[in-house]
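I am attaching a structure below and will ask some questions about it afterwards.
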Amino acid sequence: MAGRINDDDVKAVRDAVPIDAVVSEYLQLRNAGGGNLKGLCPFHDEKSPSFQVSPSKGLFHCFGCQEGGDTIAFVMKIDHLSFSETVERLAATAGITLRYEEGGYNPTHQRGERIRLVEAHKMAAQFYIEQLENGPEAETGRKFLAERGFDQAAAQHFSVGYSPQGWDHLTRFLRGKGFSDKELILSGLSQDGRRGPIDRFRGRLMWPIRDISGDVVGFGARKLYESDNGPKYLNTPETGIYKKSQMLYGIDLAKKEIAKTSRAVVVEGYTDVMACHLAGVTTAIATCGTAFGGDHIKILRRLLMDNATAEVIFTFDGDAAGQKAALRAFEDDQKFAAETSIAITPGGMDPCELRLAEGDDAVEKLVETRTPLFEFAIRHSVQRHNLETPAGRAAALDEAAPIVAGIKNIAIQHESAVQLAGILGILDTQFVVKRVAQLARWARDRGGRGPATQSRTPQSYETQSAPRIAAGPALNLRSPAHRTERELLKLALQHPALVSPAFDAYGIDEFTAPPYAAVRQTIAEAGGAEQGTEDTPDYLARVRDTAPNDTVRALVTELAVEAVHARVVDESYAGVQLVQVRLRAVDRRIREVQGTLARLGQHADPEQHTAVQNELWVLQQYAQSLRNQGADVL
């Protein structure tokens, strides 16, 4: 790895690149007197210029929004680059070779290689553009664009080009510009052939892919001919300058508008980006042959500045694949400070098809009529269950409640909890609201990593895999429930054979003390207590390693070494602890159902009334069996 850039070289870059020359690339400057220049601030909206540049001091300052700094700070802010990326970019402009400290390799060689690869891509992009504009063979490509509503001006705006069908047109062109065969292979523009390098892209429509600073680092190529046996879209392979998981097509065109409006629109293809921009949605971007992921989120967060009022809008087709992609995007919702929304295209059309069929206004309307992504996820989770049965409603609540609890806006979270109760047909609205609030509280205790989830039915209380729950408030050891839960956990850790396999079927919510619920969940994630019946030391090590934090890990250790409060630790004693924990959980649920029944009153819908009564009867029978038969009914 390269080390820190040498301080003297950083200073040399600052001195070599005049701040007024850099700022003038982004806004118009005029004389402000006293040797200063002024213009409209690029970092906030204003009608009269309050942004001033002092060439003699190498500094800028806005008296409106208080942004200020030197040349490096300006480029970092306006182009959303890191410090090292900015210095390297300005050094390349000034022709300065940077030295790296603590490196261990020749940074001059590494830096020079990147410059050469970027330059090769820049020349390749221009070569492809000229082919599309003037080459007779490229008529197929021009027709393809025209059929999708893109004229020559649109092609020029997005630098769309065409790669000839021959074997080595680009390779010979770049050789003539002084590039070696090794450089062409490293760049991904050429590949090994039987008689030397040949063009990687042949007979395809070409979209240049630029990084956030505007350098062309790769290409996306669309098949045009039936004789082409390759994939429909072919992208540049991973190279020293192109990492597909870190690329967003159109980011160079959209970044300023994204930062200005605090909104980004994520579409699925190159032509969708073109259609959106031409329709006025100039914040549209797309991934490059890969799913939207963590590295893409990092790029957008730099542009959106973790603004809670910002928004990321995903557009997907309404088919099964589109819904799957939307849910995959929702999994990363908590990684954004911004709100996330979804815009479902009508009739399965993508934005490009929508613009062609209904015009620019339809594309703008699509984005404006988006739906919060959490609403989509809630509806999708609820639809998977039979809401006509108590068990189905309980399962739907277990799946949907954590989604509602993950909503960042507390007011919207509460309102959505009320709406969820209505969707599920649960008349006890406060029960749902409290459930969501509890999950949200656990999530906050866990550092905002999202709520814990579990799924159970009143009859079985069986648990499914769920995210970890952090330790909660101090334990009340005077509470009989807490004492019993503690004893059961000690048995599960010290004598797992005595409580298995029954213990592993216990739900997290059967442990009323949040720290104990956290230990219960940790045991489950370590493979369950039954895993410890053969090798207890190894099992305890797995449980400790699985603990989500030091607090839970310390409690696991404490419970694993604390003496069990019984002279004889046997199956009988273990059975008593198992029954007491389960019985208290059943009794709590009976009280909840009785409350619901009372609130329904005499004028309730007969089917609902019957369903609640049936659930109550099942619970009461189960509780009676536990009291009469003990652990035998577990």
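Values in this document were obtained by computation on a predicted structure and should not be read as measured data.
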If I compare all heavy atoms of T512 with all of P514, which pair ends up nearest, and what's the gap?
O-CD, 3.4 Å
Distance-only, no hydrogens or angles: does the R384 side chain make a donor-acceptor pair with backbone N or O of H380 under 3.5 Å?
no
Value rounded to 0.5 Å, distance of CG in L300 from CD1 in I212:
8.5 Å
Mark yes or no for whether E375, through its side chain, and P372, through its backbone, hold a donor-acceptor pair below 3.5 Å.
no
Value rounded to 0.5 Å, distance of CD1 in I407 from NE2 in H414:
12.0 Å
Can you tell if the side chain of D428 reaches within under 4.5 Å of the side chain of V432, non-hydrogen atoms only?
no
Would you confirm whether R589, through its side chain, and L619, through its main-chain N or O, come within 3.5 Å as a donor-acceptor pair?
no
Where R148 and R355 come nearest, the two heavy atoms and their spacing:
O-NH1, 4.2 Å
Over 12 foreign heavy atoms within 6.0 Å of CD, Q594
yes
Donor-acceptor pair, distance only, cut-off 3.5 Å: does the side chain of R222 make one with the backbone of L205?
no
For a quick test of reading the model, state the closest non-hydrogen atom pair linking P208 to F219 and the distance between them.
CA-CD2, 3.6 Å
Should I241 and H121 be marked as a side-chain contact (heavy atoms from CB on, under 4.5 Å) after you check the CA-CA gap, both sets of side-chain angles, and the distance that decides it?
CA-CA 10 Å; I241 61 173; H121 277 80; 3.8 Å; yes
I'd like to know if the side chain of E353 reaches the main chain of D350, judged simply by a donor and an acceptor atom lying under 3.5 Å from each other, with no hydrogens or angles considered.
yes
Between R553 (side chain) and A547 (backbone), is there a donor-acceptor pair under 3.5 Å?
yes
Does NZ belonging to K223 count more than 12 external heavy atoms closer than 6.0 Å?
yes
When you compare the side chain of S159 with that of R210, does any pair of heavy atoms fall below 4.5 Å?
yes
Nearest 0.5 Å, please: how far is OH in Y242 from CG in D211?
11.5 Å
Is any NZ, NE, NH1 or NH2 atom of the basic residue among E368 and R370 found under 4.0 Å from an Asp or Glu carboxylate oxygen of the other?
yes
Does R379 qualify as a cation-pi partner of F376, given the criterion of NZ or CZ under 6.0 Å from the six-membered ring centre and within 45 degrees of its axis?
no
T596 and F431: side-chain contact (heavy atoms from CB on, under 4.5 Å), yes or no, with the steps?
CA-CA 9 Å; T596 301; F431 171 75; 5.9 Å; no
Out of the candidates V281, V267, I285, T315, only one should pair with D272 under the side chain to side chain contact (heavy atoms under 4.5 Å, CB included) rule; please name it.
V267
Output all residues satisfying ring pair (Phe, Tyr, Trp, His ring centres under 6.0 Å) with F83, sequence neighbours left out; order by chain, then residue number.
none
Does atom NZ of K365 have more than 12 heavy-atom neighbours, drawn from other residues, nucleotides or ligands, at distances under 6.0 Å?
no
What's the spacing between L424 CG and H385 NE2 if we round to 0.5 Å?
9.5 Å
Report yes or no: does T287 contribute a side-chain atom to a donor-acceptor pair with the main-chain N or O of A291 at less than 3.5 Å?
no
Does atom CD (E388) have a neighbourhood of more than 12 heavy atoms from anything else shown, all under 6.0 Å?
no
Give me the atom names and distance for the closest heavy-atom approach of M349 to E358.
CE-OE2, 3.8 Å
With under 30° as parallel and over 60° as perpendicular, where do the rings of F503 and F511 fit, or are they tilted in between?
perpendicular
Could you walk me through whether T546 and V556 satisfy the side-chain contact (heavy atoms from CB on, under 4.5 Å) test, starting with their C-alpha distance in whole Å, then the side-chain angles of each, then the deciding distance to 0.1 Å, before giving a yes or no?
CA-CA 10 Å; T546 305; V556 168; over 6 Å; no
How about V160 and Y128: do any of their side-chain heavy atoms sit closer than 4.5 Å?
no
Do V404 and L439 come close enough that some side-chain heavy atom pair is under 4.5 Å?
no
Is a donor on one side and an acceptor on the other found under 3.5 Å between the side chain of H277 and the backbone of T283?
no
Yes or no on side-chain contact (heavy atoms from CB on, under 4.5 Å) for Q413 and I410, after CA distance, side-chain angles and deciding distance?
CA-CA 5 Å; Q413 181 190 103; I410 299 300; 4.2 Å; yes
Working to the nearest 0.5 angstrom, can you tell me the gap between Q246 CD and I251 CD1?
13.0 Å
Under 3.5 Å, is there a donor-acceptor pair between the side chain of D151 and the main chain of A153?
yes
For C288 and K244, work out which heavy atoms get closest and say how close.
O-CB, 3.9 Å
Do the non-hydrogen side-chain atoms of N235 and I209 ever get within less than 4.5 Å of each other?
yes
Is the gap between the ring centers of Y270 and F158 under 6.0 Å?
no
More than 12 non-hydrogen atoms from neighbouring residues, nucleotides or ligands closer than 6.0 Å to NZ on K243, yes or no?
yes
Mind checking whether F374 and S416 have side chains closer than 4.5 Å, heavy atoms only?
yes
Could you tell me the separation between the CD1 atom of I403 and the CD1 atom of I378, rounded to the nearest 0.5 Å?
6.0 Å
Identify the two heavy atoms, one from E399 and one from S381, that lie closest to each other, and give their separation to 0.1 Å.
OE2-CB, 3.5 Å
Just wondering, do P548 and Q521 contact through their side chains at under 4.5 Å, heavy atoms?
no
Determine, for E485 against R520, whether the closest basic-nitrogen to carboxylate-oxygen distance falls under 4.0 angstrom.
no
